Amino acid sequence: MASSLSVVNSPASPHALGRTSWPGLIEAYRPYLPVTAATPVVTLLEGNTPLIPVPAVAQRVGKGVRVFVKYDGLNPTGSFKDRGMTLAISKAKEAGAFAVICASTGNTSAAAAAYARRGGMRAFVLIPDGYVALGKLAQALVYGAEVLAIKGNFDDAFSIVREMALSYPVTLVNSVNPYRLEGQKTSAFEIVDVLGDAPDWLCIPVGNAGNITAYWMGFCQYHQEGKCDRLPRMMGFQAAGAAPLISGKPVANPETLATAIRIGNPANWEKAIAVQQASQGQFTAVTDDEILEAYRLLASEEGIFCEPASASSVAGLLKVKDQVPSGATVVCVLTGNGLKDPDSAIKHCNNQFKPGIEPTLEAVVQMMGF
Ligand code: F0G
């Protein structure tokens, strides 16, 4: 393995080039992004998220495999969407837009709202009524988005906003907006900057299939620039009840507790298939039970709290671990923060707090079993 963690502060990292603080991903990767001096940069200093070793996961895979998680839940609004949104909103502002619109399972709406408002624009968000995690809904509301909950799923909401953006003065900021993918590809740059090369495998949750496409763009661009010697196999994971890329046909009524990826007809379908073919990758379905097992493992053994959809990357790795080559380096993307979805956490953590204890030392000691 060429990769080594000793290159964490490698000169390849823009962060290490004498800057005292992270400038946000547009400034950090400006030469690789479609921005000019005329682009007004709307940023919350997103990016530069940690690549954390997860030894308890690696141990379950065995074979001397190194496993890291790219914890993108530590972005300013708690998900990877900030990477795409800083660029999409900056470019919308450059083009003179005064309003943006998106359909969302929650995270896109939170990011669109935060960046649009920071950029002085209105944000309209369409969400599937009753299927957006509480934290995400709270974010969209508090950032000041105009939140429209429709009696339908993400796919229904998406077809409405797509049509709207054609005939009304609103800029679409879903991942069919090319600037979204351009921003999101920077996560691949950061991984290479830290590891010194691309990983052997990149495991990633797939919903609308924008992020897998963006990562591949990033790895390919860095490869062309000579920043990495190899390209990873792109391993995409969908929830079993919402797995059109595995069944090969749209799912009319997608169902999964991982609401972020409850999508039956991904907008970036063809691009994702092209990535899978070019990288000799694979799409695999993981059940809700497998997702929850990985979710609990990450939190209770690694100290990392992600949202259920994000845990599908680790659930997927554990499901196909027999295929991992010995000594490989694997990165699993954790796309969103666990705090986004407190209801799922409390419901599925297999743990309970002990209520109603008398406020005395004796009572507490007794409850602790000493
Ligand atoms: N993980 C999380 C936490 C997400 O919110 C999403 C997508 C994905 C994974 C899948 O990424 O769509 O690029 O394949 N969330 C979108 C939203 C659909 O509206 O927030 P993808």
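Just so you know, ligand 1 is whichever comes first in the structure, and atom 1 is the first atom listed for that ligand. Note that the structure is predicted; figures quoted are calculated from it, not measured. In this chain, numbering begins with 1 at the start of the sequence shown.
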Pair Phe283-Met235, side-chain contact (heavy atoms from CB on, under 4.5 Å): steps then yes or no: CA-CA 6 Å; Phe283 290 114; Met235 308 296 281; over 6 Å; no
Full working for side-chain contact (heavy atoms from CB on, under 4.5 Å) between Phe68 and Ile52: CA-CA 5 Å; Phe68 299 87; Ile52 309 174; over 6 Å; no
CA sep, side-chain torsions, deciding dist, call: Tyr222, Tyr32, ring-ring contact (aromatic ring centres under 6.0 Å, His included): CA-CA 9 Å; Tyr222 248 28; Tyr32 300 95; 5.5 Å; yes
Arg296 vs Glu301, salt bridge (charged side-chain N to carboxylate O under 4.0 Å, His left out): CA-CA, chis, key distance, verdict: CA-CA 8 Å; Arg296 287 187 289 257; Glu301 292 191 42; over 6 Å; no
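Looking at Arg230 and Asp200, a side-chain N of the basic residue comes within less than 4.0 Å of a carboxylate O on the acidic one, giving a salt bridge. Glu182 has a carboxylate O that lies under 4.0 Å from a charged side-chain N of Lys185, or vice versa, which qualifies the two as a salt bridge.
Using modelled atom types, no side-chain atom of Asp72 and backbone atom of Val333 make a donor-acceptor pair closer than 3.5 Å. In this structure, Asn337 contributes its side chain and Gly78 its backbone to no donor-acceptor pair below 3.5 Å. The main-chain N or O of Glu290 is found under 3.5 Å from a side-chain atom of Thr287 such that the two form a donor-acceptor pair. With hydrogens and angles disregarded, a donor-acceptor distance shorter than 3.5 Å links the side chain of Asn268 to the backbone of Asn208.
Taking only nitrogen or oxygen atoms, main chain and side chain alike, Phe154 does not reach within less than 3.5 Å of ligand 1. Of the polar atoms of Ala209, at least one N or O is found under 3.5 Å from an N or O of ligand 1, judged by distance alone. Between Ser109 and ligand 1, not a single N/O pair is under 3.5 Å apart.
Of all atoms in ligand 1, numbered sequentially from 1 with element shown, those under 4.0 Å from a heavy atom of Thr108 are 16 (C), 17 (C), 19 (O), 20 (O). Set against the non-hydrogen atoms of Ile261, the atoms of ligand 1 under 4.0 Å away are 8 (C), 9 (C), 10 (C). Near Thr335, with a cut-off below 4.0 Å to any heavy atom, the atoms of ligand 1 are 1 (N), 2 (C), 3 (C), 9 (C). Close approach of ligand 1 to Glu307 is summarised as follows: ligand atoms under 4.0 Å from at least one heavy atom of the residue are 3 (C). Under a 4.0 Å criterion applied to the non-hydrogen atoms of Ala260, ligand 1 contributes the atoms 2 (C), 3 (C), 4 (C), 5 (O), 6 (C), 7 (C), 15 (N), 18 (C). With ligand atoms numbered from 1 in the order given, ligand 1 contributes 13 (O), 14 (O), 21 (P) to contacts under 4.0 Å with heavy atoms of Gly210. Distances below 4.0 Å separate heavy atoms of Asn208 from the following atoms of ligand 1: 12 (O), 14 (O), 21 (P). With ligand atoms numbered from 1 in the order given, ligand 1 contributes 14 (O) to contacts under 4.0 Å with heavy atoms of Val206.
With hydrogens left out, the protein atom closest to atom 13 (O) of ligand 1 is Asn211 N, 2.8 Å, a heavy atom. Looking only at heavy atoms of the protein, atom 5 (O) of ligand 1 is closest to Asn107 ND2, 2.8 Å.
At a heavy-atom cutoff of 4.0 Å, ligand 1 is contacted by no atom of Asn268, backbone or side chain. The proximity of Lys340 to ligand 1, defined as any non-hydrogen pair under 4.0 Å, does not occur for either the backbone or the side chain. At a heavy-atom distance under 4.0 Å, atoms from both the backbone and the side chain of Ser104 approach ligand 1.
For the pair Arg262 and Tyr131, the cation-pi criterion (under 6.0 Å, within 45° of the ring axis) is fulfilled.
For Ile263, the closest heavy-atom approach to ligand 1 falls below 4.0 Å. Ligand 1 has no atom lying under 4.0 Å from any heavy atom of Ser175.
In the candidate list Ser79, Ala112, Gly106, Gly207, Gly207 is nearest to atom 10 (C) of ligand 1, counting heavy atoms.
Contact annotation: the side chain of Val192 approaches that of Phe219 to within less than 4.5 Å [non-hydrogen atoms, C-beta and beyond].
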